[in-house]
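Any value given below was found using the heavy atoms of this structure, including those in side chains, with hydrogens, waters and symmetry copies removed.
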Amino acid sequence: MIDPKLDIILENEYTRQKMGIELIASENFTSSNVLTLLGSVFTNKYSEGLPGKRYYGGNKHIDELETLCIERALTAFHLDSNEWGVNVQPYSGSIANICVYLGLLEPHDRIMGLDLPSGGHLSHGFYVKNKKISKSSVMFESLPYTINETGYIDYDKLAEYVKVFQPKLLICGGSAYPRDLDYKRFREIADTIGCLLMGDIAHISGLVATQEANNPFEYCDIVTTTTHKTLRGPRSGMIFYKKEFESRINESVFPGVQGGPHNNKIAALCHQLYEVATPEFKEYIKNVKKNAQALANKLIELGYSISSNGTDNHIVLVNVRDKGVTGSKVEKVCELADISINKNAVYGDTSAMNPGGIRLGSSAMTTRLCVETHFTKIAEFIDETVKICLEIQKEKGVKLKDFLVDIEKNQSIIELRKKVNEFSKELYFPC
Ligand SMILES: Cc1ncc(COP(=O)(O)O)c(C=O)c1O
């Protein structure tokens, strides 16, 4: 029997996921097969090293597992095994990135990634004025590049900065960038100074695998990814490398950074990569894109300003500052109404802690078989939360502290939560 207290927590989390609307762009609902493999006996085994080169005995079947997972990964991303290899052991996306930096760079070498408030990721060298936030900006010297007022990456400025800063590694990819990347342009810019190019496709790997996004493998030297976002697998990471970097990447993962691989995750990932290569998964990703577009279009119709005026992927970045509220307030009201979103910086924000936007993602609710009409409804729910924020502000003022007083008792939020629960309870849930 599971610890009864824990069992209650588990049940509550299950109900929260099932009864709510999940719009966090980095999340998804994985399948029951993936969950079964995560809870399998593969978790019991230590297997430091690579297939055929382990430090402990008893790895015959683990070798078969990891070899199959590698094969599945190369197949899912349409890669030629003479040109590309993959390490499937990274515990997560951030660790995969650290393994790349430590494998290919010397301490204090220079890196450039998309700035966090422009939609980049912490692990791409993020720091603020008086503080180095990510250790990637402590171990390496980082200069971020940015988007411009259109919401697109400012490639011209990037090209200028690259010439001045002379990074050893240029990183493309992010966590809140709704547009596809121009990898050819990134390569041309990297080639002006002869630096390495790494693509971090954590968010969009499902779109890349199904060829529903531009192909980073055509231009990058290294491609890292998480496996639990649009790819819909377990929480883990992968590093794809051009064959010339094979030993540096593999030795950086183990023994450089990690110890024993999490074989239960590798098994779950192996299964998911098998699913990713099916026509059904391609259909799923097409729907993810269609749904994000429907969400963006409805929000535009409702008078919202959307970063870059739309989306090429699963992400919709909404400016709520123009409506007179902050991302934090909308996030809070959404949470009380059982809608999960996150506050996010939008162009022009000066504070990442109190940003003027929210980030929405379509992958999780598409897994629950929502179609465009559902997403139109979801846009209306979001609009309702913004209107509730304005109502509360009118009554209590704009200070967040005052805004939050007795907010759980707000009748409009209680009514909205009922509607959200009605909407969600009827939807398919994968486990
Ligand atoms: C672009 C990008 N890279 C890396 C990561 C880190 O992944 P993890 O949370 O698995 O460490 C994320 C996670 O959000 C991400 O969006």
Could you tell me whether the side chains of [X] and [Y] share a donor-acceptor contact shorter than 3.5 Å?
X: S136; Y: S134; value: yes
X: N263; Y: S47; value: yes
X: T224; Y: N97; value: yes
X: H121; Y: D200; value: no
X: N148; Y: T150; value: yes
X: D115; Y: T146; value: no

Pair K387 + E384: basic N to acidic O under 4.0 Å: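 Judged by the 4.0 Å cut-off on N to carboxylate O distance, K387 and E384 do not form a salt bridge.
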Basic-acidic side-chain contact under 4.0 Å: K53, D63: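 Salt bridge flag = no for D63 with K53.
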Indicate the atoms forming the closest heavy-atom contact of [X] with [Y], along with that distance.
X: C220; Y: G199; answer: SG-N, 3.7 Å
X: F77; Y: F240; answer: CD1-CZ, 3.6 Å
X: S362; Y: V288; answer: OG-O, 2.7 Å
X: Y91; Y: G259; answer: OH-N, 3.2 Å
X: L23; Y: M365; answer: CD2-CG, 4.2 Å
X: G125; Y: S142; answer: O-OG, 2.6 Å

Using a 3.5 Å distance criterion without hydrogens, assess whether the side chain of [X] forms a donor-acceptor pair with backbone atoms of [Y].
X: N319; Y: S305; result: no
X: E275; Y: R232; result: no
X: Y183; Y: E218; result: no
X: D349; Y: G356; result: yes
X: K243; Y: S81; result: yes
X: S424; Y: G20; result: yes
X: T367; Y: S363; result: yes
X: Y219; Y: L197; result: no
X: R54; Y: G49; result: yes
X: Q258; Y: Q89; result: yes

Do [X] and [Y] make a side-chain contact, defined as non-hydrogen atoms from C-beta onward lying under 4.5 Å apart?
X: L38; Y: K265; value: yes
X: Q272; Y: T227; value: no
X: I239; Y: P90; value: yes
X: I266; Y: P261; value: yes
X: E141; Y: H108; value: yes
X: K282; Y: E212; value: yes
X: K18; Y: T15; value: no
X: S236; Y: H262; value: no

What's the separation between atom [atom1] in [X] and atom [atom2] in [Y], rounded to the nearest 0.5 Å?
X: N291; Y: T376; atom1: CG; atom2: OG1; answer: 9.0 Å
X: M112; Y: L143; atom1: CE; atom2: CG; answer: 4.5 Å
X: S123; Y: I133; atom1: OG; atom2: CD1; answer: 14.0 Å
X: S252; Y: L102; atom1: OG; atom2: CG; answer: 5.0 Å
X: I70; Y: L269; atom1: CD1; atom2: CG; answer: 10.5 Å
X: E380; Y: L299; atom1: CD; atom2: CG; answer: 10.0 Å

Check against side chain to side chain contact (heavy atoms under 4.5 Å, CB included), I147 and Y177: CA-CA 9 Å; I147 54 168; Y177 189 67; 3.7 Å; yes
Test ring pair (Phe, Tyr, Trp, His ring centres under 6.0 Å) applied to F245 - qualifying residues, sequence neighbours left out: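 By the ring pair (Phe, Tyr, Trp, His ring centres under 6.0 Å) rule, F245 matches no residue at all.
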Return all side-chain donor-acceptor pairs below 3.5 angstrom for residues 153-160, not counting sequence neighbours, or 'none' if the list is empty.
unit_1	atom_1	unit_2	atom_2	d
D154	OD1	K157	N	3.2
Y155	OH	D182	N	3.1
D156	OD1	R185	NH2	3.0

Qualifying ring pair (Phe, Tyr, Trp, His ring centres under 6.0 Å) pairs, either residue in residues 314-372, two or more places apart: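 Those involving residues 314-372 are H203-H314.
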All pairs passing ring pair (Phe, Tyr, Trp, His ring centres under 6.0 Å) where residues 271-311 contributes a residue, at least two apart: F281-Y284
Ring centroid separation Y145 to F165 under 6.0 Å: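 No, the ring centres sit 6.0 Å or more apart.
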Steps toward ring-ring contact (aromatic ring centres under 6.0 Å, His included) verdict (Y14, F429): CA-CA 10 Å; Y14 180 80; F429 194 74; 5.4 Å; yes
Counting heavy atoms not belonging to [X], are there more than 12 under 6.0 Å from its [atom1]?
X: E244; atom1: CD; answer: yes
X: E372; atom1: CD; answer: yes
X: K163; atom1: NZ; answer: no
X: Y161; atom1: OH; answer: no
X: K135; atom1: NZ; answer: no

Derivation and outcome, side chain to side chain contact (heavy atoms under 4.5 Å, CB included), residues I249 and L104: CA-CA 7 Å; I249 293 297; L104 302 186; 4.2 Å; yes
Which residues share a salt bridge (Lys or Arg N to Asp or Glu O under 4.0 Å) with E283, sequence neighbours left out: none
Results of salt bridge (Lys or Arg N to Asp or Glu O under 4.0 Å) for D312 - residues two or more places apart only: R179
Aromatic F381 / basic K377 pairing, under 6.0 angstrom, 45° off normal: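 Positive - K377 is close enough to the ring of F381 and near enough to its axis.
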Side chain to side chain contact (heavy atoms under 4.5 Å, CB included) between T226 and S92, worked out: CA-CA 6 Å; T226 56; S92 78; 6.0 Å; no
Side chain to side chain contact (heavy atoms under 4.5 Å, CB included) between T311 and Q293, worked out: CA-CA 6 Å; T311 176; Q293 279 156 21; 4.1 Å; yes
